[in-house]
Amino acid sequence: MQVGDSGILRGGYDCFVVGSGPAGVSLALALAEARKRVLIFESGDEHTVRSELANTVGYGHYSGAYWNAHWIRTPGGTSNVWAGWCPTPRAFDLDNPAVGVRWPVTRSELVGYWKRAAPILNHDAAYIEFEAPLIPGFRYRPVPTPPPKNFASSMATLKASPYVDIALGYSVVGLDADRSRSTVTRLEFLDHRLNTRGEFAVTPAQTVVLAAGGMGNAQLLMLPRADGSVPVGNEGGQVGKYLMEHPEFQVGGEIAIDLELDRYWPAAHKGRGVHAIVADDDTAREQGLYGCSLQCTRKTTDHPMATFLKNQTGRPFYYYSITPRAEMLPSAANHVFLTGERDAAGFHRLAARCVLDARDFLNVELTLRALGETLMRLGKGRVRVNNDRIYKQVWGGGHTMGTTRMGQSRSTSVVDADCRVHGYDNLCVAGSSVFPSGGGSANPTLTIVALALRLADVLAARK
Ligand SMILES: Cc1cc2nc3c(=O)[nH]c(=O)nc-3n(C[C@H](O)[C@H](O)[C@H](O)COP(=O)(O)OP(=O)(O)OC[C@H]3O[C@@H](n4cnc5c(N)ncnc54)[C@H](O)[C@@H]3O)c2cc1C
């Protein structure tokens with residue numbers, strides 16, 4: 001049911017979920033299926049995008065306006081504007097020595113959850129394992145682009161569930177813990193309509209899950225406390241660090257190749273997608289490359305690069321423009337942090353510092369060069385590297401990752417492999433903020449939903 005004017009009065013929840021984007025909704029629906037009682041808090045309400053809470057300052061390659069446009073405070077969260085692309089990381093992407101962090105979850109553990117997540121995202125699970133050899137050293141790995149699911153469309157199901165209550169127009173604005181910092185004991189919220197504050201006592205048997213987006217999860221774990229003590233969940237001082245995007249470089253390269261990429265498209269699979277070429281694991285390992293998907297569009301046989309090669313060889317060549325989408329090295333210097341100013345909910349204004357490493361640019365240039373050199377050696381084509389675009393015109397995918405990352409211990413990460421905040425029995429995080437790396441160049445949401453389903457399994461097993 002939706003919490004109305006009577007306020008949030010039904011007790012007995014097993015789980016409080018903060019946020020109703022893909023992470024929060026998928027988690028709540030899975031918990032409801034396991035007959036766990038859930039209360040979702042969502043800042044936005046049916047008529048309001050709470051843009052007054054979107055006032056981040058940005059330093060580096062992405063502006064404050066950029067981050068604000070990529071973290072939408074309304075039912076369904078950022079899925080109101082996302083594009084629906086659903087690739088998955090390869091095993092090597094989760095444990096690439098060039099990136100320097102290993103995910104505490106392996107690809108084979110994730111596959112089953114990606115398959116469960118696929119129908120939730122209108123996605124054909126057959127793509128999860130699909131890739132094909134293209135030329136030595138490189139593989140064809142298309143990016144599936146199913147119609148983007150807006151999780152606001154799940155509100156009716158949530159409201160109809162006897163296990164789920166949803167508080168629209170309520171922001172969570174405070175967390176308290178016991179003295180030993182092992183249990184969250186209190187959750188404070190703001191009712192935006194009435195501009196009043198309220199609170200819930202949280203018992204050790206109840207779990208609080210932050211699913212407030214890549215910026216919002218960190219914001220909640222950095223909330224200053226009245227007594228000046230360390231914010232709940234940030235005892236290791238790691239919250240907010242390792243902010244990452246998936247940088248994207250429009251027309252960063254161009255290719256003329258004697259292979260028509262449509263032929264590699266998996267005919268048996270449903271749905272749409274974008275052609276993409278990636279270095280295989282051996283090439284990446286040898287050259288120290290990390291996630292970079294060379295996304296090929298705008299096919300023509302008419303471009304001078306293609307006609308030149310056709311005239312030389314007598315064979316047809318196909319021209320594509322390449323938009324590389326890449327991974328950033330996780331760096332503690334890239335972070336979100338609180339400024340002194342407050343927003344409408346009383347939150348300290350967020351600032352985001354995100355600067356690509358010189359190696360992040362070079363990784364893209366080298367991946368393109370390696371492909372070009374291989375094509376030339378085999379007499380199968382050419383690549384043009386547009387460094388003016390790579391080094392000067394970086395954009396991104398609206399992916400906010402890394403700010404509460406998963407890992408082995410509190411000194412290097414915020415949550416454990418189950419997405420539970422280190423040291424806490426009843427505080428968890430759902431969303432791409434737990435990603436320890438970009439997971440290669442794969443857009444995050446399929447993995448966000450998969451990890452939410454995995455967390456639901458962990459919480460459902462809790463007595
Ligand atoms: C333009 C664009 C295109 C994109 N395209 C793709 C794509 O093709 N493929 C892909 O995988 N990803 C894409 N993304 C990213 C994708 O949208 C996000 O990965 C996804 O929405 C994150 O889900 P989430 O549930 O973790 O967070 P969000 O969707 O951001 O949801 C968080 C929710 O928490 C609520 N909230 C925040 N703080 C509080 C609080 N204190 N109290 C209560 N509620 C709170 C917010 O209002 C929001 O509803 C795109 C993003 C953008 C902006």
Distance-only check: which donor-acceptor pairs under 3.5 Å involve side-chain atoms of residues 388-396, not counting sequence neighbours?
residue	atom	partner	partner atom	Å
R389	NH1	Q250	O	3.3
Y391	OH	E365	OE1	2.6

Open item on the list: Within the 3.5 Å criterion, strictly below it, is a donor on T74 or N80 matched to an acceptor on the partner's side chain?
Closed with: no
Open item on the list: Please tell me whether D280 and T283 have a donor and an acceptor in their side chains that are separated by less than 3.5 angstrom.
Closed with: yes
Task: K299/D262 under salt bridge (Lys or Arg N to Asp or Glu O under 4.0 Å): CA gap, chis, key distance, verdict - done: CA-CA 10 Å; K299 178 183 80 172; D262 303 66; 3.3 Å; yes
Open item on the list: Keeping R139 on the side-chain end and A279 on the backbone end, is there a donor-acceptor pair under 3.5 Å?
Closed with: no
Open item on the list: I'd like to know if the side chain of H123 and the backbone of P119 have a donor-acceptor N/O pair within less than 3.5 Å.
Closed with: no
Open item on the list: Does any part of the side chain of L210, heavy atoms only, come nearer than 4.5 Å to the side chain of C428, both counted from C-beta?
Closed with: no
Which atom pairs, donor and acceptor, lie under 3.5 Å between side-chain atoms of residues 16-33 and protein residues at least two apart or in another chain?
residue	atom	partner	partner atom	Å
S20	OG	E42	OE1	2.9
S20	OG	G76	N	3.1
S26	OG	P22	O	2.5

- [ ] Working to the nearest 0.5 Å, report the span between CZ of F337 and CG of L243.
- [x] 10.5 Å
Task: Geometric cation-pi criterion, K149 with F151: 6.0 Å, 45° - done: yes
- [ ] Return yes if some donor-acceptor pair links the side-chain N/O of E245 with the main-chain N/O of G397 below 3.5 Å, else return no.
- [x] yes
Open item on the list: Using side-chain heavy atoms (C-beta onward) and a distance below 4.5 Å, is D416 in contact with Q408?
Closed with: no
Task: Worked verdict on W71 versus Q219 for side chain to side chain contact (heavy atoms under 4.5 Å, CB included) - done: CA-CA 12 Å; W71 179 33; Q219 186 177 45; 3.5 Å; yes
- [ ] Could you give me the CA-CA distance, side-chain angles and deciding distance for T56 and Y62, then say whether side chain to side chain contact (heavy atoms under 4.5 Å, CB included) is met?
- [x] CA-CA 11 Å; T56 308; Y62 301 99; over 6 Å; no
Open item on the list: Strictly distance-based, threshold 3.5 Å: is any side-chain N or O of S171 a donor or acceptor partner for the main-chain N or O of V173?
Closed with: no
Task: Listed partners of T106 passing side-chain contact (heavy atoms from CB on, under 4.5 Å), at least two apart - done: S108, E109
Open item on the list: Is the distance between the ring centroids of H192 and Y170 under 6.0 Å?
Closed with: no
Task: Between CZ on residue R90 and CZ on residue R141, distance to nearest 0.5 Å - done: 6.0 Å
Task: Flag, side chain of R50 to backbone of S43, donor-acceptor distance under 3.5 Å - done: yes
- [ ] Look only at the side chain of N122 and the backbone of P147, and say whether a donor-acceptor pair between them is shorter than 3.5 Å.
- [x] yes
Task: Shortest non-hydrogen separation from F317 to D258 and the atoms involved - done: CD2-N, 3.5 Å
Task: Neighbour count >12 (heavy atoms, 6.0 Å) for atom NZ, K310 - done: no
Task: Heavy-atom pair of closest approach, residues L94 and L110 - done: CD1-CD1, 4.1 Å
TODO: Start with the C-alpha distance between R325 and H399, add both sets of side-chain angles, then the distance that settles side chain to side chain contact (heavy atoms under 4.5 Å, CB included), and finish with yes or no.
DONE: CA-CA 12 Å; R325 167 158 295 164; H399 308 163; 4.0 Å; yes
Task: Minimum heavy-atom distance between V415 and T404, given as atom pair plus value - done: CG2-O, 3.7 Å
Open item on the list: Applying ring-ring contact (aromatic ring centres under 6.0 Å, His included), can you list everything that pairs with Y242, at least two apart in sequence or on another chain?
Closed with: none
Open item on the list: Centroid separation under 6.0 Å, is that true for the rings of Y127 and W265?
Closed with: yes
Open item on the list: Quiz question: by atom type and distance under 3.5 Å, do the side chains of E254 and Y319 form a donor-acceptor pair?
Closed with: yes
Open item on the list: Working note: W82 + T445, criterion side chain to side chain donor-acceptor pair (under 3.5 Å); need CA distance, chi angles, decisive distance, verdict.
Closed with: CA-CA 9 Å; W82 80 310; T445 308; over 6 Å; no
Task: Distance in Å, R298 CZ paired with I322 CD1, rounded so as to fall on 0.5 Å steps - done: 12.0 Å
Task: Flag if over 12 foreign heavy atoms under 6.0 Å of CZ, R315 - done: yes
Open item on the list: Counting the benzene-type ring for Trp, do H61 and F361 have ring centres under 6.0 Å apart?
Closed with: yes
Task: Validation row: P144, D124 side chains within 4.5 angstrom (heavy atoms) - done: no
Task: S433 versus N217, closest heavy-atom pair with distance - done: OG-ND2, 3.0 Å
Task: pair I257-R382: side-chain heavy atoms closer than 4.5 Å - done: no
TODO: Kindly say whether T400 contributes a backbone atom to a donor-acceptor pair with the side chain of S432 at under 3.5 angstrom?
DONE: yes
Task: Side-chain donor-acceptor pair present, Q295, S293, cut-off under 3.5 Å - done: yes
TODO: Please examine the side chains of V111 and E129, heavy atoms only from C-beta on, and report whether any two atoms are closer than 4.5 Å.
DONE: yes
Task: Polar side chain donor-acceptor pair, S413 to H422, under 3.5 angstrom - done: yes
Open item on the list: Return the CZ to CG distance between R102 and N96, rounded to the nearest 0.5 Å.
Closed with: 11.5 Å
- [ ] Return the set of residues passing ring-ring contact (aromatic ring centres under 6.0 Å, His included) with W103 (not counting sequence neighbours), or none when no residue passes.
- [x] F435
- [ ] For G438 and H246, work out which heavy atoms get closest and say how close.
- [x] O-NE2, 3.0 Å
Open item on the list: When you compare the side chain of L221 with that of V429, does any pair of heavy atoms fall below 4.5 Å?
Closed with: yes
Task: Audit row: L375, V383, side chain to side chain contact (heavy atoms under 4.5 Å, CB included) steps and yes/no - done: CA-CA 8 Å; L375 286 174; V383 166; 3.9 Å; yes
TODO: Mark yes or no for whether R272, through its side chain, and T145, through its backbone, hold a donor-acceptor pair below 3.5 Å.
DONE: yes
TODO: Check the side chains of T88 and R107 for a donor-acceptor pair under 3.5 angstrom, ignoring hydrogens and angles.
DONE: yes
- [ ] Without swapping roles, check the side chain of R353 against the backbone of V336 for a donor-acceptor pair under 3.5 Å.
- [x] no
Open item on the list: Test your reading of the model: is there a side-chain donor-acceptor pair from D165 to the backbone of L39, 3.5 Å cut-off?
Closed with: no
Task: Euclidean distance, S161 OG relative to I166 CD1, rounded to 0.5 Å - done: 11.0 Å
Do any side-chain atoms of residues 284-292 form donor-acceptor pairs under 3.5 angstrom with protein atoms, and if so which ones, sequence neighbours left out?
residue	atom	partner	partner atom	Å
Y290	OH	R359	O	3.1
Y290	OH	D360	N	3.3
Y290	OH	D360	OD1	2.7

Task: Flag side-chain contact, heavy atom, 4.5 Å: V105 against R454 - done: yes
Task: Separation between CZ of R377 and CD1 of I135, rounded to the nearest 0.5 Å - done: 8.5 Å
TODO: Provide the closest heavy-atom pair for G431 versus I448 in the form atom of the first, atom of the second, distance.
DONE: CA-CG2, 3.9 Å
